[in-house]
Amino acid sequence: MVSATLTEVAKFLKPGIKTISIDKMAEQFIRDNGGVPSFKGYHGFKYSLCISVNDVVVHGFPSEYELKDGDIISVDCGVYMNGYHGDSAYTFAIGNVKEEVLQLLKITKESVYKGVEQAREHNRVGDISFAVEHFTNREHGYGVVRELVGHGVGKNLHEDPQVPNFGKRGDGKKLREGMVLAIEPMINLGTREVYTLDDGWTVVTKDGKPSAHFEHTTAVRKSKGEPLSSFAVIEEAEKANAELNSSYYELPLAVQA
């Protein structure tokens, strides 16, 4: 249901769309399909989605902001259904995004799977953390956010153990088959340093550079982790939407406006 909702978001996105409209559409879709938005009302959060644009890392509020050509937008979605929570996030590119930012999205998405590979029985949380950090920071030089982490997920939205995106092999809680984790790298183009706005929720990069966020709900298995959420259906919708709007992006900016 989470993946289906993010797929609907992928179909909906284009320049000029207000982020509050995305939230309203997603809530309606979730409820029409028998789910409940996990985030709405969680510790007072007022919305169904966390929508984070450009330098917002996570927990951004949907608002009257209109998406622009060149933006990136992270959409984090949680759904409660059949007694359990699902949790997944995907960062979308809107139109003509700078190549260095597209590369950030690509590497961050790949890093989720580096973490998922380590979500196997008898490994430890630190093996997931190390895999994400080594790939994003040591191999590609990006900033890995430390103040926010992945987590267990199941009958509660946030459960133990915490799953940082940095750490050492062999550290942390031992993994058992059947555990379910939300693995969610939050990776910055520049410094890893972040701060929280006065609203108490919105986390932004300290240097104002873009941040990417991808997340899979993942089951621990014997040989490697199994993503329970899917990016494949989102990617298909994302590609179709880009083709649909390709003529728009080829117009001069004055005509687009």
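Hydrogens, waters and symmetry mates play no part in the numbers below; they use all other heavy atoms, side chains included.
V53 and V75 fall within a single hydrophobic cluster, where Ile, Leu, Val, Met, Phe, Trp and Tyr side chains are chained together by heavy-atom contacts under 4.5 Å. Tracing side-chain contacts under 4.5 Å through hydrophobic residues (I, L, V, M, F, W, Y), one reaches F29 starting from V2; they form part of the same cluster. Criterion: ILVMFWY side-chain heavy atoms under 4.5 Å apart, direct or through other members. Under it, L157 and V79 are not part of a common hydrophobic cluster. Hydrophobic clustering of Ile, Leu, Val, Met, Phe, Trp and Tyr side chains at less than 4.5 Å, counting indirect connections, unites L13 with V233. Cluster membership check: L175 does not share its hydrophobic cluster with V180, using side-chain heavy-atom separations under 4.5 Å among Ile, Leu, Val, Met, Phe, Trp and Tyr.
Looking at every heavy atom in both residues, L181 comes nearest to P161 through CD2-CD, 3.8 Å. The nearest pair of heavy atoms linking V58 to M186 is CG1-SD, 3.6 Å. In this structure, L104 and I187 approach most closely via the heavy-atom pair CD1-O, 3.8 Å. Shortest non-hydrogen contact noted between V125 and Q162 is CG1-O, 3.5 Å. Of all non-hydrogen atoms in Y113 and P227, the two that sit nearest each other are CE2-CG, 4.4 Å. When all heavy atoms of N96 and D69 are compared, the pair lying nearest together is N-OD1, 2.6 Å.
Of the options V9, D87, I30, I51, a side-chain contact (heavy atoms from CB on, under 4.5 Å) to C77 is made by I30 and by none of the others.
Looking at S74, its side chain never comes within 3.5 Å of a backbone N or O of T91 through a donor-acceptor pair. Put simply, the side chain of N165 never gets that close to the backbone of V144: no donor and acceptor are under 3.5 Å apart. Formation of a donor-acceptor pair under 3.5 Å by the N54 side chain with backbone atoms of I72 is found in this model. T19 contributes a side-chain N or O that, together with a main-chain N or O of S63, makes up a donor-acceptor pair within less than 3.5 Å. Remark: side-chain polar atoms of D23 are paired, donor with acceptor, to backbone N or O of L49 under 3.5 angstrom. Judged by distance alone, with hydrogens and angles left aside, the side-chain atoms of D127 form a donor-acceptor pair with the main-chain N or O of R124 at under 3.5 Å. A donor-acceptor pair is defined here as one N or O able to donate and one able to accept, closer than 3.5 Å; no such pair exists between the side chain of S229 and the backbone of S3. At distances below 3.5 Å, at least one donor-acceptor pair connects side-chain atoms of S129 with backbone N or O atoms of P164. Although no hydrogens or angles enter the test, the distance criterion places no donor-acceptor pair under 3.5 Å between the side chain of N123 and the main chain of R120.
For the side chain to side chain contact (heavy atoms under 4.5 Å, CB included) test, residues two or more places apart in sequence or in another chain that qualify with D207 are T191, T205, K209. Residues passing the side-chain hydrogen bond (donor to acceptor under 3.5 Å, both in side chains) test with E121, sequence neighbours excluded: K222.
Expressed to the nearest 0.5 Å, how far CZ of F135 lies from OG1 of T108 amounts to 9.0 Å. Atoms CZ and NZ, from F45 and K40 in turn, are 10.5 Å apart once rounded to the nearest 0.5 Å. Remark: S230 OG to E235 CD distance equals 7.5 Å, nearest 0.5 Å. With values rounded to the nearest 0.5 angstrom, N188 atom CG is found 11.0 Å from N137 atom CG. Separation of atoms CG (D71) and CD1 (I94) is listed at 7.0 Å; rounding is to 0.5 Å. Residue K14 holds its NZ atom at 11.5 Å from CD of E66, rounded to the nearest 0.5 Å.
Salt bridge present: E8 and K11 bring a charged side-chain N and a carboxylate O closer than 4.0 Å. Ion pairing of E110 with K114 is absent here, as no side-chain N (NZ or NE/NH1/NH2) approaches a carboxylate O to less than 4.0 Å. E133 has no carboxylate O lying under 4.0 Å from a charged side-chain N of R192, or vice versa, which leaves the two without a salt bridge.
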Taking it one step at a time, do K173 and D160 satisfy side chain to side chain contact (heavy atoms under 4.5 Å, CB included)? CA-CA 9 Å; K173 186 177 180 67; D160 289 332; 5.8 Å; no
Chi angles and distances behind the side chain to side chain contact (heavy atoms under 4.5 Å, CB included) call for V36, R31: CA-CA 6 Å; V36 176; R31 295 190 186 279; 4.3 Å; yes
Checking side chain to side chain contact (heavy atoms under 4.5 Å, CB included) for the pair H158/Y42: CA distance, chi angles, key distance, verdict? CA-CA 11 Å; H158 292 111; Y42 185 79; 2.8 Å; yes
Could you check Y90 against K109 for side chain to side chain contact (heavy atoms under 4.5 Å, CB included), going step by step and ending with a plain yes or no? CA-CA 8 Å; Y90 195 95; K109 186 195 288 187; 2.9 Å; yes
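Between P210 and E100, the closest side-chain pair of non-hydrogen atoms is not below 4.5 Å. By the 4.5 Å heavy-atom criterion applied to side chains, Y142 and L189 are counted as neighbours. For the pair F92/I234, a side-chain contact is recorded, criterion being any heavy-atom separation below 4.5 Å from C-beta on. Within the 4.5 Å cutoff, the side chain of Y65 has no heavy atoms near those of the I73 side chain. Side-chain contact between H59 and L148: present, with at least one pair of heavy atoms (C-beta onward) separated by less than 4.5 Å. Between E64 and I20, the closest side-chain pair of non-hydrogen atoms falls below 4.5 Å. For the pair F39/H85, no side-chain contact is recorded, criterion being any heavy-atom separation below 4.5 Å from C-beta on. Annotation: side chain of H151 is not in contact with side chain of E159 (no heavy-atom distance under 4.5 Å).
Residue R169 qualifies as open at atom CZ: its count of foreign heavy atoms under 6.0 Å is 12 or below. Other residues, nucleotides and ligands contribute over 12 non-hydrogen atoms within 6.0 Å of the CZ atom of F166. Counting non-hydrogen atoms of neighbouring residues, nucleotides and ligands closer than 6.0 angstrom, the NZ atom of K206 reaches no more than 12 such neighbours.
Between Y47 and F61, the ring center distance clears the sub-6.0 Å criterion. Residues H216 and F231 bring their aromatic ring centres within 6.0 Å.
In the model, Q28 has a side-chain atom that pairs as donor or acceptor with a side-chain atom of D32 under 3.5 Å.
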